[in-house]
2 protein chains.
Amino acid sequence: MEQLRETLKGHHLRTTTCREDVLSTFMNRKNALSHGDLEGALGENYDRVTIYRTLKTFLEKGIIHKVLDDEGLRYALCSHQCSEEKHQHDHIHFKCNECGKTNCLENLHIPNVALPTGYQPESFNLLIQGKCPECLAN
Amino acid sequence: MEQLRETLKGHHLRTTTCREDVLSTFMNRKNALSHGDLEGALGENYDRVTIYRTLKTFLEKGIIHKVLDDEGLRYALCSHQCSEEKHQHDHIHFKCNECGKTNCLENLHIPNVALPTGYQPESFNLLIQGKCPECLAN
DNA sequence: GTATTATATGCAACGATGTTGCAGTGTATT
DNA sequence: AATACACTGCAACATCGTTGCATATAATAC
């Protein structure tokens, strides 16, 4: 639980119960979460708006990053220490079509792509959809 | 303009002025369009709901496909003849951070990725963000 | 421990986005 | 031209996300 405070302080944020709860929800569930997921988990304790603002703050401070899938927007913890200044997220996201969960595959890097001349790439976002190990086992 | 009717008929759809206008908007602008873009272009002629339903129908029939970026959901024409039965979209999408336009890079395929054991991939979606040739030229 | 200051929260209200049901209109077919 | 079916517009609603403001809370200084 001290780790939560450490993470928040490390990103120059005040420790509040809402921020601690949102952060620990991200750490307990391993997969990417939408605002709705968090509202479902914490909605009785905190206002919708507060959760929105917490997500926005976490995004700006580099604690979480956006994850896109065909259903919409989710968020996941940044693994390597991201900060307000620098984000680095060229890893792969995998969404299971069976259980619906989206995860970061931290260790896999996105392979190089030879873009046509004139295109200057700055960031990459690869989403793979299919079946995850847990669902294949059943 | 006959081409519009052909495309619609080819996908077993009745030709209506709304569908013709939505389709020609996609063909004239080369980039991916959101519902809001279409409403801005055609909103005075057609009801919001009709445009939503047209997009939904086009999706189901394989005339357009979803394109995701950090701002949300857009749609783009399917190049290779997709149908209700089969969609094939493993090409790359490029979003320009300057002009905000998202395009399909039809000719580029997504390179292979060695997934960890247990993951069964079914579809791939690669979004590259950066600067497009037009914006770099200015 | 208390006072001060800056920040975070809750509430209310609003705007944008997307969906559904139903009556009326238009398209394709005979 | 008549019929059957599909599409459209309207109204109403549900969801999602944002903003302003008063209050509460956390960090800092005393």
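A note on names: the letters A, B, ... follow the listed sequences, proteins ahead of strands, and every chain is numbered from 1. Note that the coordinates shown come from a computational prediction; the quantities given were computed from them, not determined experimentally.
Annotation: A/Tyr75 is not in aromatic contact with A/Phe58 [ring centroid separation under 6.0 Å not met]. For A/His35 and A/Tyr52, the ring centers sit closer than 6.0 Å to each other.
A donor-acceptor pair shorter than 3.5 Å can be found between the side chains of B/Thr102 and B/Asp69. A/Asn28 and A/Thr25 are not linked by any side-chain donor-acceptor pair at a separation below 3.5 angstrom, with hydrogens and angles left out of the test. For the 3.5 Å distance criterion, the side chains of B/Tyr46 and B/Thr54 fail to qualify, holding no donor opposite an acceptor.
At a cut-off of 3.5 angstrom, the base of C/dG10 holds no donor-acceptor pair with the side chain of A/Arg48.
Where A/Thr54 and B/Gly36 each meet DNA chain C at their nearest nucleotide, the meeting point lying more 5' is that of A/Thr54. With DNA chain D read from its 5' end, the first of the two nearest nucleotides for A/His35 and B/Thr50 is the one closest to B/Thr50.
One interatomic measurement links the two molecules: CZ of B/Arg53 to C1' of C/dC22, which rounds to 10 Å at whole-angstrom precision. Note: CD (B/Glu39) to P (C/dA16) measures 10 Å, nearest angstrom. In this structure, the CG atom of B/Asp47 is 16 Å from the C1' atom of C/dG26, given to the nearest Å. Here the C1' atom of nucleotide D/dA27 and the NE2 atom of A/His12 are 14 Å apart, to the nearest Å. Look at CG on A/Asp37: it is 15 Å from P on D/dT15, rounded to the nearest Å. Rounded to whole angstrom, the span from the CD atom of B/Glu20 across to the P atom of C/dG26 amounts to 15 Å. In this structure, A/Leu59 places its CG atom 12 Å from P of D/dG17, rounding to the nearest Å. Atom CG in A/Asn45 sits about 16 Å away from atom C1' in C/dA8, given to the nearest Å.
No side-chain heavy atom of A/Lys9 sits under 4.5 Å from any side-chain heavy atom of A/Thr7.
In this model, the phosphate group of C/dT9 is approached by a side-chain N or O of A/Thr16 to a distance below 4.0 Å at OP1 or OP2.
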Taking only N/O atoms, report every protein-nucleotides 4-6 of chain D pair under 3.5 Å with atom names and distance.
residue, atom, partner, partner atom, Å
D/dC5, O2, B/Arg14, NH1, 3.3
D/dC5, O2, B/Arg14, NH2, 3.4
D/dA6, O4', B/Arg14, NH1, 3.2
D/dA6, O4', B/Arg14, NH2, 3.4

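Residue-level contact check: A/Thr15 touches the backbone only, with heavy atoms under 4.0 Å from sugar-phosphate atoms and none from bases.
We find that A/Lys95 and A/Asp70 are joined by a salt bridge, their nearest charged nitrogen and carboxylate oxygen being less than 4.0 Å apart.
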